[in-house]
2 protein chains.
Amino acid sequence: MADKITLAYGGGGEETNKLINELFYKHFNNDILTSAEDAAVVNANGKIAFTTDSFTVSPLFFNGGNIGKLAIAGTCNDLAMMGAKPEYISCGFMIEEGLDFETLEKIVKTMSEELSKVGAKIVCGDTKVVPAGSVDKIFINTSGIGHIKKENISAHNLKKGDVILVSRDIGKHGSVIMAHRYNVETTAQSDCKLLWDEVNALIEAGIDIKALRDATRGGLSAVLNEWANASDVGIEIEEDKVPVSDEVTGLCEIFGFEPMDLANEGAFIVAVSQNDAKKAEELLKKFNSNASIIGTVTDGNRVVLKSPWGSSRYIELPKGELLPRIC
Amino acid sequence: MADKITLAYGGGGEETNKLINELFYKHFNNDILTSAEDAAVVNANGKIAFTTDSFTVSPLFFNGGNIGKLAIAGTCNDLAMMGAKPEYISCGFMIEEGLDFETLEKIVKTMSEELSKVGAKIVCGDTKVVPAGSVDKIFINTSGIGHIKKENISAHNLKKGDVILVSRDIGKHGSVIMAHRYNVETTAQSDCKLLWDEVNALIEAGIDIKALRDATRGGLSAVLNEWANASDVGIEIEEDKVPVSDEVTGLCEIFGFEPMDLANEGAFIVAVSQNDAKKAEELLKKFNSNASIIGTVTDGNRVVLKSPWGSSRYIELPKGELLPRIC
């Protein structure tokens with residue numbers, strides 16, 4: 001294999017076959033993929049979840065992960081958020097000619113490692129190599145399907161009295177990417193991580209999960225507003241209960257961002273019935289000690305943040321250009 | 001909606017919601033998509049096919065189609081080639097900031113029109129807007145799933161004596177994109193088209209389909225070589241039976257390409273048992289009068305092209321940089 005990816009690797013001929021056989025099949029090896037048909041054949045019985053995400057993050061490598069880790073975690077997490085076990089993943093690479101083969105292999109290896117953590121497989125794929133200037137280094141699209149283990153998890157399910165929890169401290173991914181982008185040094189690590197284990201634990205424990213969502217672009221603010229809107233309810237959040245690390249607080253002060261607006265890639269929000277709230281919190285704390293009950297569902301149709309000093313303000317859906325190429 | 005797509009439309013906040021609600025939901029409207037969960041929930045029983053493809057074609061609009069038509073036809077056709085009816089499609093847009101909203105809407109409308117022709121739905125999606133210079137105008141990834149109507153269609157199935165047919169004249173898409181790229185005038189139209197109707201007709205007629213593949217990147221040459229390789233057989237093609245239009249022959253003379261190496265986006269190759277060959281040809285001719293039996297499966301392990309003058313040569317897997325951004 002050449003040191004650098006050339007246009008010929010995307011032409012559909014001999015070099016493309018080489019890339020597929022010697023790189024992708026090596027790391028993503030499984031019978032469905034290597035049967036090399038026009039589409040993967042998978043068994044499906046019952047309800048399955050289906051999702052897609054494109055990854056354009058810059059820089060490609062960041063504290064705590066890289067675009068490949070993100071591409072697997074992101075799509076697997078969208079399945080998990082529907083109560084579905086991530087099973088079959090597709091992978092579309094859009095590669096700029098001249099990308100180092102070594103860089104591509106690092107990304108592919110990370111993807112393979114993440115897949116094995118959750119027991120999912122890449123079963124179909126596509127590779128495009130485009131001339132320099134048509135794409136910045138590499139974009140990856142992953143789509144995924146998985147059987148739904150717990151049905152009826154939905155943004156439309158929230159009822160007054162339900163309790164809102166967050167699975168860990170927020171804002172890590174967004175602030176880390178920002179720090180890289182503006183050359184600010186930080187010890188913070190992206191939270192980029194597969195979330196199926198946590199979700200599965202909640203399901204196995206019989207927790208009455210109403211809604212689940214990972215707080216990616218738009219952060220906690222976007223999730224809460226979408227839920228309030230979809231279920232036509234109010235949500236009240238206690239500011240001092242929302243876990244934010246000192247590192248993130250510091251970076252937010254430098255950049256003038258709100259932690260609640262920042263993207264996460266390994267943090268989710270869950271709404272459960274009041275009776276199960278404590279049990280869910282205890283369970284989530286086993287995965288991350290910062291997991292916490294942060295608020296409740298109320299009357300009204302707005303998201304309200306209550307400060308520890310008794311004041312309160314609305315949390316709006318983030319607006320304007322936050323940080324492009326965050327994921 | 002603004003005239004041009006800005007970075008804010010990809011931020012996950014208010015403007016993203018606007019783009020989704022006022023453009024994508026308008027044209028791709030269906031209950032599964034507009035439920036707006038993290039993943040689509042679909043019913044699946046039995047075997048399903050799953051495929052993905054990214055579209056990076058340049059120019060975005062060409063004789064006979066545009067990137068949107070290609071994105072739907074391409075993925076639906078990969079499902080059809082596995083004997084699966086295209087049903088649920090995902091759609092990932094990677095958009096350069098500054099793209100005209102009108103251009104995006106034209107593309108989206110074409111996608112919607114193609115989807116309705118085949119009765120498929122976009123059930124999940126993702127939109128990234130990236131700074132100018134990170135991507136050239138727009139890339140689209142579509143993944144698709146569909147129930148398999150006829151099982152065991154595979155590149156590994158070919159046996160000596162089987163007959164090879166092509167569904168129409170070849171090389172249209174590749175030569176049209178080339179003509180656009182090099183400002184050569186042509187009346188030729190891309191063959192970009194959904195192929196499920198033809199495939200379904202073969203299935204309904206009970207034709208013993210061994211293998212099916214649309215001849216996209218790498219053209220007829222790539223498909224035949226992949227089949228010979230996967231089934232460990234030889235394939236003999238009669239050169240004068242391979243339908244090539246005068247327009248494509250002319251463009252190939254200008255550019256020095258072989259029609260058999262050129263990409264197609266609405267032409268497929270099918271291998272059937274000898275007994276069904278005539279019936280399959282008659283059936284395919286109803287869809288396109290250029291459909292034709294072009295060869296047979298033989299001993300050996302190479303693809304041989306026999307000229308009408310008795311000479312013969314090997315057809316190799318195309319090599320090197322054919323034409324990047326063809327699809």
Side-chain angles (χ1 to χ4, degrees), chain A residues 6-8 10-15 36-45 47-54 56 78-79 81-82 84 88 90 92 94 123-126 128-131 133-136 139 141 143 145 148 154-155 213 216-218 222 230 317-322 324-325, chain B residues 6-8 10-15 17 36-45 47-54 56 78-79 81-82 84 88 90 92 94 123-126 128-131 133-136 139 141 143 145 148 154-155 213 216-218 222 317-322 324-325:
Chain A
T6 62
L7 288 171
E14 196 175 304
E15 295 87 347
E37 305 288 353
D38 264 338
V41 178
V42 301
N43 279 309
N45 279 300
K47 283 198 172 156
I48 59 170
F50 178 32
T51 188
T52 193
D53 224 331
S54 306
T56 63
D78 278 346
L79 294 173
M81 294 305 120
M82 295 300 289
Y88 304 111
S90 72
M94 286 146 276
V123 293
C124 54
D126 174 62
K128 295 289 183 323
V129 181
V130 296
S134 318
V135 70
D136 183 17
F139 287 0
N141 175 285
S143 300
I145 57 185
I148 294 176
S154 163
R213 192 155 286 192
T216 56
R217 279 182 296 175
L317 191 60
K319 198 176 161 176
E321 175 195 323
L322 294 161
R325 304 193 63 188
Chain B
T6 61
L7 289 172
E14 194 176 305
E15 296 87 347
N17 279 7
E37 303 289 353
D38 264 337
V41 177
V42 301
N43 280 309
N45 280 301
K47 283 199 171 156
I48 60 171
F50 177 33
T51 189
T52 192
D53 225 332
S54 306
T56 63
D78 278 346
L79 294 174
M81 293 305 121
M82 294 300 289
Y88 304 110
S90 73
M94 285 146 276
V123 293
C124 54
D126 174 62
K128 294 289 182 327
V129 180
V130 294
S134 320
V135 71
D136 184 18
F139 287 0
N141 175 284
S143 300
I145 57 185
I148 295 177
S154 163
R213 191 156 287 191
T216 56
R217 279 182 296 176
L317 191 61
K319 197 176 162 175
E321 174 195 326
L322 295 160
R325 305 193 61 187

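Throughout, a chain's letter reflects where its sequence line sits, starting with A, and its residues are numbered from 1. This structure is a prediction, so every number in the text was calculated from the model and none was measured.
Listed by chain and residue number, B:Glu226, B:Leu317, B:Pro318 satisfy the side chain to side chain contact (heavy atoms under 4.5 Å, CB included) test with B:Ala222 (two or more places apart in sequence, or in another chain). In this view, A:Ser154 and A:His156, B:Glu37 satisfy the side chain to side chain donor-acceptor pair (under 3.5 Å) rule, not counting sequence neighbours.
Put simply, the side chain of B:Asp126 reaches to within 4.5 Å of the side chain of A:Arg217, judged on heavy atoms. In this structure, the side chains of A:Ser143 and B:Asn141 come closer than 4.5 Å at one or more pairs of heavy atoms. Contact of the B:Lys47 side chain with the A:Val42 side chain is not registered, since no non-hydrogen atoms from C-beta on lie closer than 4.5 Å. With contacts defined as side-chain heavy-atom distances shorter than 4.5 Å, the pair A:Ile48/B:Ile145 qualifies.
Here the shortest heavy-atom pairing between B:Phe50 and A:Tyr88 reads CE2-O, 3.6 Å.
With rounding to the nearest 0.5 Å, the separation of NZ in A:Lys319 from CG in B:Asn17 is 12.0 Å. Atom CG of residue B:Asn45 and atom CG of residue A:Asn43 lie 11.0 Å apart, to the nearest 0.5 angstrom.
Results of the side-chain contact (heavy atoms from CB on, under 4.5 Å) test with B:Asp38 over A:Asp78, A:Thr51, A:Leu79 single out A:Asp78 as the only residue that passes.
Looking only at heavy-atom pairs under 4.5 Å with chain B, the residue among A:Ala39, A:Ala36, A:Ala49 that has the most is A:Ala39. Of the listed residues A:Gly133, A:Gly10, A:Ser134, the one with more heavy-atom pairs under 4.5 angstrom with chain B than any other is A:Ser134. The candidate from A:Gly218, A:Gly125, A:Ala40, A:Ala84 with the greatest count of non-hydrogen atom pairs under 4.5 Å with chain B is A:Ala40.
Judged by distance alone, with hydrogens and angles left aside, the side-chain atoms of B:Lys128 form a donor-acceptor pair with the main-chain N or O of A:Ser54 at under 3.5 Å.
For B:Val41, the parts sitting under 4.5 Å from any heavy atom of chain A are the backbone and the side chain alike.
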